[in-house]
Amino acid sequence: MPKRTFGETDYFQDHQIEKKHRNIKLCFCQHCLEFFCCEDEDCHCREDNNRHCHKDHSCCETEPCRCPKCCECCECICITIPTGATGATGATGATGATGATGPGASTIYLGSDTSIGNNDFMGLGISSSSFPRNTVVVPQTSTITGLVFSIRDEPLDTGETITGEIYRSTNCGVTPVATGIKAVVTGPNPPTCCAFTSANFTVNRCDLLSVKVTRSTTSAALENGAAATILLRIT
């Protein structure tokens, strides 16, 4: 059965798709006025009477290819098949897997609604020298990342300081231990009434926390009390 040639339009288009991005060699029959591909596996140049290497077209250099229709010798020419048009955008892929859960955060607020004495502990609206009475409980293992401390409108001379420091107990309030996390307000106040310090201190569920207030130069109470915020990152 004679092979189809490039003279037939649909075959030429199909072959363009198969051969795109390549330089290929076509044979042209001057008798039939049609092209055929001497690179096909079943091309005429691979028949017994014309068996040569068709990949580099040495067949056409040593012995001309023969037209599959009329069997006449043909002339090989090189052409470049143009790149076809870009295909349509494919469908959207499936949604990826859910990412890992990011860290959570928590905030503990402390403050007094009355005066607070020097070296007193600050709790939820109250303050006294008793650590257990002025504590809050840690909800789960966390990292203290910072402390914000305000003395409100307590007057301070230049250079005078008031410090708020977080204390922690791991034995139900029996033994309060200083964490070293201190926010220091340095006068004058006004205008300086607030301070912040960053931290990286791990606490565990059921630990008790409080903030101790200490003056640097006098033992006078803070008339309108103080306020503190403990920042936590849940781990």
Student: With distance as the sole criterion, is a donor-acceptor pair present between the side chains of Asp207 and Thr170 under 3.5 Å?
Tutor: no

Student: Given a cutoff of under 4.5 Å between side-chain heavy atoms of I, L, V, M, F, W and Y, with clusters grown through shared members, what are the other residues clustered with Leu232?
Tutor: Ile108, Leu110, Ile116, Met122, Leu124, Val136, Val138, Ile144, Leu147, Phe149, Ile151, Leu156, Ile162, Ile166, Ile181, Val185, Phe201, Val203, Leu209, Val211, Val213, Leu222, Ile230

Student: Would you indicate whether the side-chain heavy atoms of Val148 and Cys194 approach each other to under 4.5 Å?
Tutor: yes

Student: Donor-acceptor pair, distance only, cut-off 3.5 Å: does the side chain of Thr192 make one with the backbone of Asn189?
Tutor: no

Student: Looking at Arg152 and Glu223, does any basic side-chain N land under 4.0 Å from a carboxylate oxygen?
Tutor: no

Student: Just jot down the side chain to side chain donor-acceptor pair (under 3.5 Å) partners of Asn171, sequence neighbours excluded, or say none.
Tutor: Ser169, Thr175

Student: Restricting to non-hydrogen atoms, name the atom on Gly173 and the atom on Leu208 that form the minimum distance, rounded to 0.1 Å.
Tutor: N-CD1, 3.5 Å

Student: When rounded to the nearest 0.5 angstrom, what is the spacing between OG1 in Thr217 and CZ in Arg215?
Tutor: 6.5 Å

Student: Consider only side-chain N and O atoms of Ser127 and Ser112, and report whether a donor and an acceptor are under 3.5 Å apart.
Tutor: no

Student: Using 0.5 Å steps for rounding, measure from the CG atom of Asn119 to the CD atom of Glu165.
Tutor: 10.5 Å

Student: Taking atom CD as the centre, does Gln140 end up with more than 12 heavy-atom neighbours from other residues, nucleotides or ligands that are less than 6.0 angstrom away?
Tutor: yes

Student: Less than 4.5 Å apart, any side-chain heavy atom of Thr163 and any of Lys212?
Tutor: no

Student: Measuring from atom OG1 of Thr145 to atom CZ of Arg233, what distance do you get when rounded to the nearest 0.5 angstrom?
Tutor: 6.5 Å

Student: How many angstroms lie between atom CZ of Phe131 and atom OH of Tyr167, to the nearest 0.5 angstrom?
Tutor: 9.5 Å

Student: If I compare all heavy atoms of Ala183 with all of Ala195, which pair ends up nearest, and what's the gap?
Tutor: CB-O, 3.9 Å

Student: Any side-chain heavy-atom pair from Glu160 and Ser216 closer than 4.5 angstrom?
Tutor: yes

Student: Counting only heavy atoms from other residues, nucleotides and ligands, does the tally under 6.0 Å from CZ of Phe196 exceed 12?
Tutor: yes

Student: In this structure, which one of Ser130, Ser129, Ser115, Ser210 forms a side chain to side chain contact (heavy atoms under 4.5 Å, CB included) with Asp120?
Tutor: Ser129

